[in-house]
Amino acid sequence: MRIAYITETFPPEINGVALTTARTVQHLRQAGHAVQLIRPRQPHETADGPQPLAEGDHTFDNGEWRTAGAPIPMYPGLRFGWATSSALRERWQQARPDIVHVATPGPLAWSALRAARAEGIATSADFRTNFHAYSRHYRLGWLQPAVLAYLRGLHGMADRSFVPTPALCEELAAAGFERLHVVGRGVDAGQFSPAQRDEALREAWGAGPDDRVLLYVGRLAAEKNVALALDTFEVLRPHHPGLRMVVAGDGPLRARLEAEHPEVCFVGLQRGAALARCYASADVFLFPSLTDTFGNVTLEALASGLAVVAFDSAAAGELLEPGRSGFLARPDSRASFMQAARLAVAEADPGGALRQRARRLALCSDWETALRAFEQELAEVVDEVAGRQAPGRPAVA
């Protein structure tokens with residue numbers, strides 16, 4: 001297939017969506033598809049728009065188009081992209097893709113879907129982020145209906161929208177979204193493994209062999225509910241003198257949280273082997289977010305053999321068997337989350353049955369299976385659109 005893949009976050013940015021989109025593009029290219037990556041340029045990058053094609057040249061290759069971009073308000077570390085629908089149409093008239101897929105819901109995605117529909121090109125979209133739920137964490141709760149309406153309109157232009165869990169599929173269908181299909185996520189269980197446990201790293205954190213370490217991995221921002229993880233540590237600490245808390249990540253709340261919790265070890269952004277060692281060297285993983293659509297970190301923690309504590313939502317709600325492979329709390333209940341963490345600390349023996357079951361659970365969610373399913377979904381969309389487009393049928397405006 002010839003795939004135009006649009007995303008407004010991509011490495012070198014570090015976040016779950018950026019890393020997943022990079023893995024997806026790599027998989028599709030290795031599978032033999034031509035993938036045209038369209039994304040906003042980063043501040044250190046030069047413009048790299050599409051080069052004009054020579055007359056008669058209709059080559060569609062594994063190129064990259066870096067569009068104009070600007071920082072996202074309230075998220076200056078991330079950017080949104082911008083390209084006009086007319087510019088996209090002109091390019092795709094010269095070298096036509098079989099499908100246009102948008103991974104993020106910004107203005108670049110909107111322009112791409114409009115252009116694709118005008119050209120009669122098959123379209124698909126990911127629902128990766130509950131942006132409408134973010135608004136209440138920035139005192140903009142009154143905007144939530146408008147943001148949801150925007151997302152519903154954007155996905156309404158897609159021939160198929162992909163969601164990571166059946167629960168989210170039901171929630172969005174009830175909100176008026178259509179043509180939803182579930183495509184799961186995966187984890188690299190070779191990289192994230194209990195074998196990466198590093199006693200020297202634990203010593204650097206101040207943890208002895210028999211002490212328990214709580215871990216949070218993710219962005220330090222309001223919508224991630226990080227404060228609940230840290231408050232949980234403070235509540236449990238008097239009852240477990242050797243308890244330690246490690247936070248891996250960065251974001252706008254870091255300075256304030258470090259000042260409020262001097263006993264917590266903030267290690268900043270971790271990636272690759274260093275991140276894998278962080279996971280495996282901890283014992284309990286705290287995931288307090290209620291805005292994530294999935295939470296790839298949950299799978300990474302399970303693959304690392306940690307006792308996971310999370311609300312009964314997203315990936316944790318779909319995967320965990322409470323008390324056997326992790327611990328679930330009632331949504332929006334701080335007391336329930338803290339109680340789940342108490343239970344997890346008690347069951348967090350590194351060689352214990354619960355942590356072994358957590359690891360086995362993650363082994364069932366490999367990236368290769370998930371990405372092949374996504375690849376097959378794209379092929380089905382292309383076939384469906386081709387099947388209903390009679391010769392000479394005008395494109396949809």
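Residues Glu13 and Thr9 bring a donor and an acceptor atom of their side chains to less than 3.5 Å of each other. Counted by atom type alone, His101 and Asp126 present one or more donor-acceptor pairs between their side chains at under 3.5 Å. Side-chain N/O atoms of Asp198 and Ser281 include no donor and acceptor closer than 3.5 Å.
The shortest side-chain heavy-atom distance between Leu378 and Met1 falls under the 4.5 Å cut-off. Put simply, the side chain of Ile38 does not reach to within 4.5 Å of the side chain of Tyr5, judged on heavy atoms. Counting only heavy atoms from C-beta outward, the side chains of Phe162 and Val182 never approach each other to under 4.5 Å. Side-chain contact check for Leu108 versus Pro40: some heavy-atom pair is nearer than 4.5 Å. Inter-residue side-chain proximity for Gln36 and Asn62 is flagged as unmet; no heavy-atom pair is nearer than 4.5 Å. A heavy-atom distance below 4.5 Å is found between the side chains of Leu243 and Leu214. Using a 4.5 Å cut-off on side-chain heavy atoms (C-beta onward), Cys265 and Trp205 make contact. With contacts defined as side-chain heavy-atom distances shorter than 4.5 Å, the pair Phe327/Leu320 does not qualify.
Considering all non-hydrogen atoms of both residues, Asp211 and Gly208 come closest at OD2-N, 2.7 Å. In terms of heavy-atom proximity, Ala222 sits nearest to Leu253 at N-CD1, 3.6 Å. For Arg359 against Ser193, the heavy-atom pair with the smallest separation is NH1-CA, 3.7 Å. Here the shortest heavy-atom pairing between Ala229 and Leu286 reads O-CD1, 3.7 Å. Heavy atoms only, all atoms of each residue included: Tyr279 and Ser304 are closest at CB-OG, 3.2 Å. The minimum heavy-atom distance between Gly249 and Leu220, with the atom names listed, is O-CD1, 3.8 Å.
Between the Thr232 side chain and the Ala341 main chain, no donor and acceptor come within less than 3.5 Å of each other. Using a distance-only test at 3.5 Å, with no hydrogens or angles considered, no donor-acceptor pair links the side chain of Thr20 to the main chain of Val17. Judged by distance alone, with hydrogens and angles left aside, the side-chain atoms of Arg91 form no donor-acceptor pair with the main-chain N or O of Arg96 at under 3.5 Å. Side-chain N or O atoms of Glu199 include none that pairs as donor or acceptor with a backbone N or O of Pro209 at under 3.5 Å. In this structure a side-chain-to-backbone donor-acceptor pair under 3.5 Å is missing from Arg357 to Ser325. Judged by distance alone, with hydrogens and angles left aside, the side-chain atoms of Ser289 form no donor-acceptor pair with the main-chain N or O of Lys224 at under 3.5 Å. With Asp292 contributing its side chain and Phe294 its backbone, the two residues share no donor-acceptor pair below 3.5 Å. Distance alone, capped at 3.5 Å, places no donor-acceptor pair between the Arg128 side chain and the Thr104 backbone. Ser85 contributes a side-chain N or O that, together with a main-chain N or O of Ser111, makes up a donor-acceptor pair within less than 3.5 Å.
Taking 4.0 Å as the cut-off between side-chain N and carboxylate O, Arg117 and Glu119 do not count as a salt-bridged pair. By the 4.0 Å N-to-carboxylate-O rule, Glu380 lies close enough to Arg160 to be salt-bridged with it. The pair Arg202-Asp283 counts as a salt bridge, with a side-chain nitrogen and a carboxylate oxygen less than 4.0 angstrom apart. For the pair Arg388 and Asp159, the salt-bridge criterion is met [side-chain N within less than 4.0 Å of a carboxylate O]. Arg39 and Glu64 are joined by a salt bridge, as a carboxylate oxygen and a charged side-chain nitrogen come within less than 4.0 angstrom of each other. At a threshold of 4.0 Å, the pair Glu258-Arg256 does not count as salt-bridged, since none of the basic side-chain nitrogens sits closer than that to a carboxylate oxygen. Using a 4.0 Å cut-off between a side-chain N of Lys or Arg and a carboxylate O of Asp or Glu, Arg334 and Asp231 qualify as a salt bridge. Remark: Glu234 engages Arg237 in a salt bridge, criterion side-chain N to carboxylate O under 4.0 Å.
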Stepwise, does the side-chain contact (heavy atoms from CB on, under 4.5 Å) test hold for Asn225 with Leu228?
CA-CA 6 Å; Asn225 204 19; Leu228 175 56; 3.7 Å; yes
Show your working on side-chain contact (heavy atoms from CB on, under 4.5 Å) between Leu302 and Phe192 and close with a plain yes or no.
CA-CA 9 Å; Leu302 289 171; Phe192 298 101; over 6 Å; no
Worked verdict on Arg212 versus Arg244 for side-chain contact (heavy atoms from CB on, under 4.5 Å):
CA-CA 6 Å; Arg212 296 289 176 260; Arg244 298 291 183 267; over 6 Å; no
Run the numbers on Tyr150 and His155 for ring-ring contact (aromatic ring centres under 6.0 Å, His included), then give the verdict.
CA-CA 9 Å; Tyr150 169 84; His155 283 270; 9.3 Å; no
Worked check of side-chain contact (heavy atoms from CB on, under 4.5 Å) between Glu263 and Phe233
CA-CA 10 Å; Glu263 298 299 319; Phe233 166 67; 4.3 Å; yes
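Distance check: Gln93 CD to Ile121 CD1 gives 8.5 Å after rounding to the nearest 0.5 Å. A distance of 10.0 Å separates CD1 of Ile6 from OG1 of Thr67, quoted to the nearest 0.5 Å. For the atom pair Phe287 CZ and Phe311 CZ, the distance stands at 10.5 Å (nearest 0.5 Å). Distance check, rounded to the nearest 0.5 Å: CZ of Phe177 to CG of Leu168 gives 9.0 Å. Distance CH2/Trp367 to CG/Asp188: 10.0 Å, rounded to 0.5 Å. Interatomic distance, Leu371 CG to His27 NE2, rounded to the nearest 0.5 Å: 5.0 Å.
Residues Leu290 and Tyr216 share a hydrophobic cluster, clusters being chains of Ile/Leu/Val/Met/Phe/Trp/Tyr side chains in contact below 4.5 Å. In the hydrophobic clustering of ILVMFWY residues, with side-chain heavy atoms under 4.5 Å counting as a link, Leu230 and Leu215 come out apart. Linking Ile, Leu, Val, Met, Phe, Trp and Tyr whenever their side-chain heavy atoms come within less than 4.5 Å puts Val284 and Met245 in one cluster. Both Val226 and Leu236 belong to a single network of hydrophobic side chains, linked directly or stepwise wherever heavy atoms of I, L, V, M, F, W or Y lie under 4.5 Å apart. Connection of Leu306 to Leu363 is not established within any shared hydrophobic cluster, with ILVMFWY side chains joined at heavy-atom distances below 4.5 Å, either directly or through further cluster members.
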